[in-house]
There are 2 protein chains.
Amino acid sequence: MKKSYFQSIENLACDDRLSLSEVCTQLAFNERGLIPVITQDVNSKTVLMFAWMNRQALDQTLATGRMTYWSRSREKLWVKGESSGHTQTLVSMSIDCDGDVLLCQVRQQGAACHTGRADCFYLSVDRDSQQVRVNRNPAKNRD
Amino acid sequence: MKKSYFQSIENLACDDRLSLSEVCTQLAFNERGLIPVITQDVNSKTVLMFAWMNRQALDQTLATGRMTYWSRSREKLWVKGESSGHTQTLVSMSIDCDGDVLLCQVRQQGAACHTGRADCFYLSVDRDSQQVRVNRNPAKNRD
């Protein structure tokens with residue numbers, strides 16, 4: 001991991017700008033060449049999903065403005081919504097202090113989750129009762 | 001990964017409840033025994049940080065209500081804020097559709113980021129100029 005680079009820039013003056021290509025080269029992709037991506041709805045601020053990008057997916061996302069991940073199960077680039085139509089348009093991207101996580105604000109078309117729910121985090125922990133609630137799927141439970 | 005369990009519950013009726021201990025046993029901890037955690041401010045919905053938990057950190061977080069991670073660099077449990085005072089109180093926890101990511105809503109005391117910034121995602125990508133802006137650190141740049 002190349003944390004020393006990100007440590008060196010953490011106290012730069014607020015107006016300093018860095019080259020995007022330089023920063024991308026310094027990102028701490030893991031041993032599989034992947035970096036975690038948190039995807040958040042730009043309007044509601046709901047965290048929609050979590051996925052991974054390799055460098056190619058990142059470059060393609062930045063070039064096209066369409067969220068493109070690396071599918072670990074299919075082992076290929078995954079343009080979100082290419083089959084479902086539930087695309088994500090990139091509005092803004094931020095990088096964390098260690099250069100090892102990306103946060104993307106998007107405009108979501110349709111449902112972010114493969115189940116048809118608006119977001120993927122539909123299992124709610126109830127600490128008091130020590131239970132987990134499965135939140136309603138509006139695509140399937142219309143009663 | 002135990003995705004089949006999470007596939008089996010994705011269409012449960014909305015009021016169905018599952019045992020928290022059963023669900024935790026089914027979580028897809030990775031080959032290092034870790035699961036990604038997204039930590040979000042419960043009021044502003046700002047994504048504060050991203051970290052990892054092992055099963056012990058998860059159990060301790062659920063038992064105490066204080067966010068407790070696994071520090072990969074120090075290889076030990078990390079009670080957030082134990083040295084800085086910048087603690088995080090767990091308000092709610094959700095699990096994603098694949099059972100391999102946790103989303104925690106917290107009340108943040110002080111700054112979430114080790115740099116003194118409110119959150120860790122202070123490097124902003126500007127696609128138009130192909131530059132990255134280092135956002136101001138209010139703890140260090142007071143002018």
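Throughout, protein chains are lettered first and strands after them, A, B, ... in sequence-line order, and every chain is numbered starting at 1.
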For B:F121 against A:S94, the heavy-atom pair lying closest together: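 So the two residues come closest at O-CB, 3.7 Å.
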
Heavy-atom closest contact (B:T64 atom, A:R127 atom, distance):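 So the minimum-distance heavy-atom pair works out to C-NH2, 3.9 Å.
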
Going only through I, L, V, M, F, W and Y residues with side-chain contacts under 4.5 Å, is there a path from [X] to [Y]?
{"X": "A:I35", "Y": "A:F6", "answer": "yes"}
{"X": "A:Y69", "Y": "A:V42", "answer": "no"}
{"X": "A:L58", "Y": "A:V106", "answer": "yes"}
{"X": "A:M93", "Y": "A:V47", "answer": "no"}
{"X": "A:L62", "Y": "A:L27", "answer": "yes"}

Given 3.5 Å as the limit, does a donor-acceptor pair link the side chain of A:Q40 with the main chain of B:K45, or not?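 Judged by distance alone, yes, a pair lies under 3.5 Å.
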
Nearest 0.5 Å please: distance from the [atom1] atom of [X] over to the [atom2] atom of [Y].
{"X": "B:N11", "Y": "A:T115", "atom1": "CG", "atom2": "OG1", "result": "7.5 Å"}
{"X": "B:Q131", "Y": "A:E22", "atom1": "CD", "atom2": "CD", "result": "11.0 Å"}
{"X": "B:F50", "Y": "A:L103", "atom1": "CZ", "atom2": "CG", "result": "11.5 Å"}

Salt-bridge present (A:D98, B:R72; N to O < 4.0 Å):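 B:R72 and A:D98: not salt-bridged.
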
Tell me whether B:R74 at atom CZ has more than 12 heavy atoms from other residues, nucleotides or ligands lying less than 6.0 Å away.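 Yes, because the 6.0 Å sphere around CZ of B:R74 holds more than 12 heavy atoms from other groups.
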
Apply side chain to side chain contact (heavy atoms under 4.5 Å, CB included) to residues B:E10 and A:H114 and explain how you reach the verdict. CA-CA 10 Å; B:E10 67 186 37; A:H114 76 281; 3.2 Å; yes

With side-chain contact (heavy atoms from CB on, under 4.5 Å) as the test, pick out the partner of B:L123 among A:L12, A:I95, A:D96, A:L102.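 Exactly one pass, corresponding to A:I95.
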
Option that, when pairs with chain B are counted at under 4.5 Å, heavy atom only, ranks first among A:G65, A:G116, A:G99: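 Highest number of pairs under 4.5 Å: A:G65.
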
Checking heavy atoms, do the side chain of B:V23, its backbone, both or neither come under 4.5 Å from chain A?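 Contact with chain A involves the side chain of B:V23 alone.
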
